[in-house]
S.K.: 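Right, I'll just put the structure down here and ask away after.
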Amino acid sequence: MKITLKDGSVKEYGESRSVIDIAYDISEGLGRAACAGEIDGQVADLRTMVETDCALNILTARDPEGLKVVRHTCSHVLAEAVKNLFPQAKLAIGPAIENGYYYDFESAPFSREDLDQIEKEMKKIIKKGAKLEKFTLPRDEAIRFMEEKNEPYKVELIRDLPEDAVISFYSQGDFTDLCAGPHLMSTKGIKAFKLTSSSGAYWRGKSENAMLQRIYGSAFAAKEELEVYLKHLEDIKKRDHNKLGREMELFTTVDVIGQGLPLLMPKGTKIIQTLQRWIEDEEDNNWGYIRTKTPLMAKSDLYKISGHWDHYKEGMFVLGDEEKEKEVFALRPMTCPFQYYVYKASQKSYRDLPLRYGETSTLFRNEDSGEMHGLTRVRQFTISEGHLIVRPDQMVEEFKGCLALAKKCLTTLGLEEEVTYHLSKWDPDNREKYIGEPEVWDQTEQHIRQVLTELGISFVEDVGEAAFYGPKVDINAKNVYGKEDTMITIQWDALLAEQFDMYYIDQNGEKVRPYIIHRTSIGCYERTLAWLIEKYAGMFPTWLCPEQVRILPISDKYLEYAETVEKELKANGILCTVDKRSEKIGYKIRETRLAKVPYMLVVGEKEEESRKVSVRSRFLGDEGQKDLNLFIDEISKEIRTKEIRKIEVQEQKE
């Protein structure tokens with residue numbers, strides 16, 4: 001038996017060997033560090049027997065897949081510790097994830113004190129260094145085994161497996177867990193770990209199931225790496241829009257109003273208003289869009305024509321009971337069917353196309369309560385929605401134009417480098433989810449693929465992520481915790497015009513079906529605000545700030561001059577306030593900095609006499625005295641050009 005190692009060397013054995021035995025045969029140090037094996041490119045447990053010629057790579061905690069094994073083993077140690085301390089807790093699942101691991105339990109919520117106690121218990125378990133032993137049972141025996149342990153979630157998981165399945169378990173001392181592996185040979189292989197947080201999570205991610213308690217943690221090859229990661233987590237917490245947005249009084253939520261229904265405070269509303277006015281002016285003045293305004297609800301008849309009633313009803317808020325009432329309404333989850341009837345209100349010629357309809361649309365989607373999070377996942381939101389009705393020969397260029405508009409919006413906001421592009425395709429193995437014939441889907445997906453390639457845009461392809469009526473480009477970004485959300489969508493639709501009997505008259509006097517592009521230019525305003533909060537840690541570019549300048553009189557004696565400065569700034573469209581409190585100037589400066597206002601103008605006797613202002617900014621710090629008109633000219637240009645200035649003074653980064 002020939003084993004080809006990572007460096008190309010070959011080991012020969014006369015009989016089968018386990019991966020861990022081969023690792024020790026290579027070197028004692030590699031054997032001690034080994035976490036898993038990679039046999040012909042597939043990750044394998046260290047206990048796996050190698051019986052034929054193959055390529056073998058020994059994975060350690062320095063390898064991503066090896067580190068995943070460390071984290072998975074740590075999740076089992078977490079489960080054992082919880083069972084030791086909270087014997088009534090029921091085990092659910094505990095996988096390794098991108099930055100660590102989690103484990104779900106049926107239990108009362110865990111406090112930070114509980115997590116600290118669990119950590120101590122985990123350290124005791126690791127110190128004992130129990131070996132992890134793998135064994136298997138037939139399905140029926142596995143079910144009885146977990147029923148005897150009174151672990152209903154494990155029993156449910158096993159029952160979902162085929163009747164002829166052989167079920168694997170791992171034991172460490174007296175603790176045993178259902179698991180496919182792979183795992184370390186011993187708990188002593190865990191060198192550095194930390195429990196980071198806990199939260200509620202529905203069993204199998206479905207709101208109709210039981211609410212479980214999820215404990216998150218992470219593990220690394222060395223304590224130094226863990227410390228770096230924990231420091232990173234602290235920075236993340238400071239940027240988390242759900243925390244920072246509330247601290248900055250941008251938005252709030254109230255239980256009696258409902259989950260996923262945030263209240264935008266005056267400052268948050270001002271940012272949204274600024275974004276909305278910019279987007280509408282950009283679309284209308286530079287990209288040829290015309291505005292529509294359509295109802296927030298419609299009869300079910302409309303959604304039956306579009307297909308949403310059959311394919312999206314569970315995601316809609318339905319008003320009324322179909323069995324009891326003649327007319328049933330639903331709040332709109334999108335605007336497209338409404339804008340189609342704007343198009344159909346009069347006959348269109350080929351000369352009228354393309355028609356680019358734009359609407360700042362308030363939409364409603366019945367998201368699962370377990371999915372709600374701050375401003376990124378809500379049930380009512382506002383979107384920069386648009387639908388382009390085009391001739392087939394115009395489709396490619398118009399689609400490119402939608403991509404260009406999206407890119408311009410992202411670049412203006414400083415977000416272009418943060419996104420990834422996805423070609424979201426249909427799933428031919430799930431036909432009931434989609435309308436249309438396979439050849440139409442194949443053609444439209446190929447058109448989008450070609451457009452992205454021609455524009456030099458790197459993209460990945462996602463099967464099953466298309467809308468039910470057509471493929472799309474999703475422009476995605478990750479939040480501070482690494483969760484990816486779609487920010488902007490551009491959809492290619494060659495099907496819905498048929499369902500709505502939309503047509504135009506071509507040059508031969510014939511009726512022809514148009515194509516439709518569904519798109520957003522900046523997407524959902526609430527989600528974009530969340531993104532901006534986290535990107536800039538609340539220190540937005542000046543043009544987006546709800547308060548761009550704060551004027552700080554040194555004492556009440558100079559309040560009148562401060563109000564004169566305020567009046568001139570406002571006359572030039574600059575958002576400003578005067579701090580009229582009878583506080584020391586040092587206190588006012590600190591408060592302004594904490595409020596993340598980009599500019600503060602200190603005024604006193606010298607400034608009043610010379611009609612100047614002493615400028616402090618979060619960009620350069622103390623900029624000294626400036627003529628008031630000069631400052632107005634400079635900041636007005638910064639706002640007008642939507643400049644994104646770099647913060648160059650360290651003390652301003654707090």
S.K.: When you check the side-chain N and O atoms of R332 and T362, is any donor under 3.5 Å from an acceptor?
M.R.: no
S.K.: Taking the six-membered ring where the residue is Trp, are the ring centres of F500 and Y343 under 6.0 Å apart?
M.R.: no
S.K.: Relative to each other, are the rings of F399 and W492 parallel, tilted or perpendicular (30° and 60° limits)?
M.R.: tilted
S.K.: Just checking F381 against Y525, ring centres under 6.0 Å apart?
M.R.: no
S.K.: Do R291's NZ or CZ and the ring of Y357 fall within the cation-pi criteria of under 6.0 Å and 45°?
M.R.: no
S.K.: For the residue pair W309 and Y303, categorise the inter-ring angle as parallel (less than 30°), tilted (30 to 60°) or perpendicular (more than 60°).
M.R.: parallel
S.K.: Just by distance, with hydrogens left out, do D474 and T489 show a side-chain donor and acceptor under 3.5 Å apart?
M.R.: yes
S.K.: Cationic tip of R214 within the cone over Y102's six-membered ring, i.e. under 6.0 Å and within 45° of the normal?
M.R.: yes
S.K.: Looking just at side-chain N and O atoms, do Q491 and Y469 make a donor-acceptor pair shorter than 3.5 Å?
M.R.: yes
S.K.: Can you tell me how the ring of Y312 sits relative to the ring of H308, calling it parallel under 30°, perpendicular over 60° and tilted otherwise?
M.R.: perpendicular
S.K.: Does the side chain of S306 come under 3.5 Å of the side chain of Q499 through a donor N or O and an acceptor N or O?
M.R.: no
S.K.: Using 30° and 60° as the class boundaries, would you call the ring planes of W441 and W426 parallel, tilted or perpendicular?
M.R.: parallel
S.K.: Go through the steps to decide whether E282 and Y289 satisfy the test side chain to side chain contact (heavy atoms under 4.5 Å, CB included), and finish with yes or no.
M.R.: CA-CA 9 Å; E282 180 69 31; Y289 282 79; over 6 Å; no
S.K.: Ring centres of Y101 and Y216 under 6.0 Å apart?
M.R.: no
S.K.: Could you tell me if E385 and T335 have a donor-acceptor pair between their side chains, going purely by distance under 3.5 Å?
M.R.: yes
S.K.: Output, in order, the C-alpha distance, side-chain angles, deciding distance and verdict of ring-ring contact (aromatic ring centres under 6.0 Å, His included) for Y434 and H311.
M.R.: CA-CA 8 Å; Y434 306 95; H311 295 273; 8.0 Å; no
